[in-house]
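Report on the structure given below.
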Amino acid sequence: MKENNLLIPGPAPVPDAVARAMSSEMFNHRGPRFKKIIEESTAALKEVFQTRGRLYILTSSGTGAMEAAIVNFLSPGERVLSLVNGSFGDRFATIAGVYGAAVERLETPWGQPLDYEALETKLREDVEHTLRAITVVHNESSTGMLNDLERISRVCGDHPALLIVDTVSSMGAVDLPVDRWGIDVCVTGSQKALLLPPGLSFISVSEKAWLAAAEAKMPRYYFDLRKAQEYLEKGQTPFTPALSLCVALREGLQLYFAEGRQNCYARHRRMAAAVRAAAGALGLEPLVKDLQQASPTVTALRAPASIKVDQLREEMRRRFGVEIAGGQGELEGQIFRFGHLGAVTESALLAGIEALELSLQTLGYPVERGRAVAAGKEAIRTGLRPAAGGRK
Ligand code: PLP
């Protein structure tokens, strides 16, 4: 068993080829080698995002891109509607508030679906179109809920508010057609499904959002996308980029496209199904009950009343080298989370499930040995079957 079987919702493990690329020698970030890297990577990332809009590579964690998604497009005092059903939705609302937006939160309990009807009502009532932006997290990593972005996009219809979306833990692992769904600003991070260590973030911008950027008055310096655009035209970034990560990015994107987008989505769905099947065999309840709304990249399970989450995690780490995550904020102590994204392999996940089974048993929870792993394997096997009616 691996010594560090990383099954948290990011950072995710990275492929060996990516890790090797990270050890590149340093070179001039204002020279032709970097120009080629940034141009090729920007084009490849646009394919991942399914956008023909603008896209910028930033040296920051995902939260930096969230900040960029606010400060570049809004002015203090403008109305922002933040959809919140977890800790990252809350973070988006907080950032907008810190920069002076008039934030209204449309909140539902963490782990519950967003209130799509209330969103529809809010937009319908906004006859003067004073609402300037809607922020939403696609995949709420804190709860394992995949919010229905397609529905949100439909509900937004032709309301002029910008649709600003955090896809930090879904981009690459889930079909996410940015242009088709009318997403104006879309952010993600390098350390989840895109096969890299943490340190880079990516942001796409629609033409509508780009026009708004010209009017936006929120203060910005490091994350000013007008500067990013000016420098991208020369094949550069405004400030020194995380060069090693940029070299690794090209490698990661090659691996990503070698697997193929559809295969990658299917692999993530299989892994989520494996965790849910194993949970079922262990009598554990997923926080998100409806499979349609369950994340393909993160699964949160409720801890049995007799089990302390910290003890369980410690047992899994110490005996098996398996790292899982606990709950955040109000869910701390109540749930634990498996991340199954990026370069996590199905066999690493099954080893994690086995470690869960054995650790629960050690902590006194009744377990029928082997059932959870068998259920996980079966879910992976059936997920591998060609879809009914087709053998293409
Ligand atoms: N949004 C989501 C959905 C996330 O899962 C995370 C990180 O876990 C973030 C934002 C923040 O990203 P970072 O920690 O890279 O700043």
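Residue numbers run from 1 in the order of the sequence given. Every number for a ligand or one of its atoms is a count from 1 in the order of the listing.
Ligand 1 has a nitrogen or oxygen under 3.5 angstrom from a nitrogen or oxygen of Gly62.
Phe88 CE2, 3.3 Å is the protein heavy atom nearest to atom 6 (C) of ligand 1. The protein atom (non-hydrogen) at minimum distance from atom 8 (O) of ligand 1 is Lys192 NZ, 2.6 Å.
Salt bridge absent: Asp166 and Arg91 never bring a charged side-chain N and a carboxylate O closer than 4.0 Å. A salt bridge is defined here as a Lys NZ or Arg NE, NH1 or NH2 lying under 4.0 Å from an Asp or Glu carboxylate O, and Glu346 with Lys377 fails to meet this definition. Glu233 and Arg54 are not joined by a salt bridge, as no carboxylate oxygen comes within less than 4.0 angstrom of a charged side-chain nitrogen.
Using a 4.0 Å cut-off to heavy atoms of Gln191, the atoms of ligand 1 that qualify are 13 (P), 15 (O). Distances below 4.0 Å separate heavy atoms of Ser61 from the following atoms of ligand 1: 13 (P), 15 (O), 16 (O). Atoms of ligand 1 found under 4.0 Å from any heavy atom of Asn139, numbered from 1 in the order shown, are 3 (C). The distance from ligand 1 to the heavy atoms of Asp166 drops below 4.0 Å at these ligand atoms: 1 (N), 2 (C), 3 (C), 10 (C). Atom numbering of ligand 1 starts at 1 in the shown order; those under 4.0 Å from a heavy atom of Ser141 are 2 (C), 3 (C), 4 (C), 5 (O). Near Thr63, meaning under 4.0 Å from one of its heavy atoms, ligand 1 places the atoms 11 (C), 12 (O), 13 (P), 16 (O). Close contacts of ligand 1 with Arg91, meaning ligand atoms under 4.0 Å from a residue heavy atom, involve 11 (C). Ligand 1 places these atoms under 4.0 Å from at least one heavy atom of Met66: 10 (C).
For His268 and His340, the ring centers are positioned 6.0 Å apart or more.
Although no hydrogens or angles enter the test, the distance criterion places no donor-acceptor pair under 3.5 Å between the side chain of Arg269 and the main chain of Pro296. Proximity of a side-chain donor or acceptor of Lys192 to a complementary backbone N or O of Ser190 within less than 3.5 Å is not detected.
With Phe73 as the aromatic partner, Lys208 does not meet the cation-pi criteria of under 6.0 angstrom to the ring centre and within 45 degrees of the ring axis.
The aromatic rings of Phe239 and Tyr221 sit tilted, their planes meeting at an angle between 30° and 60°.
In this structure, Ser169 is part of the shell of residues with a heavy atom less than 4.0 angstrom from ligand 1.
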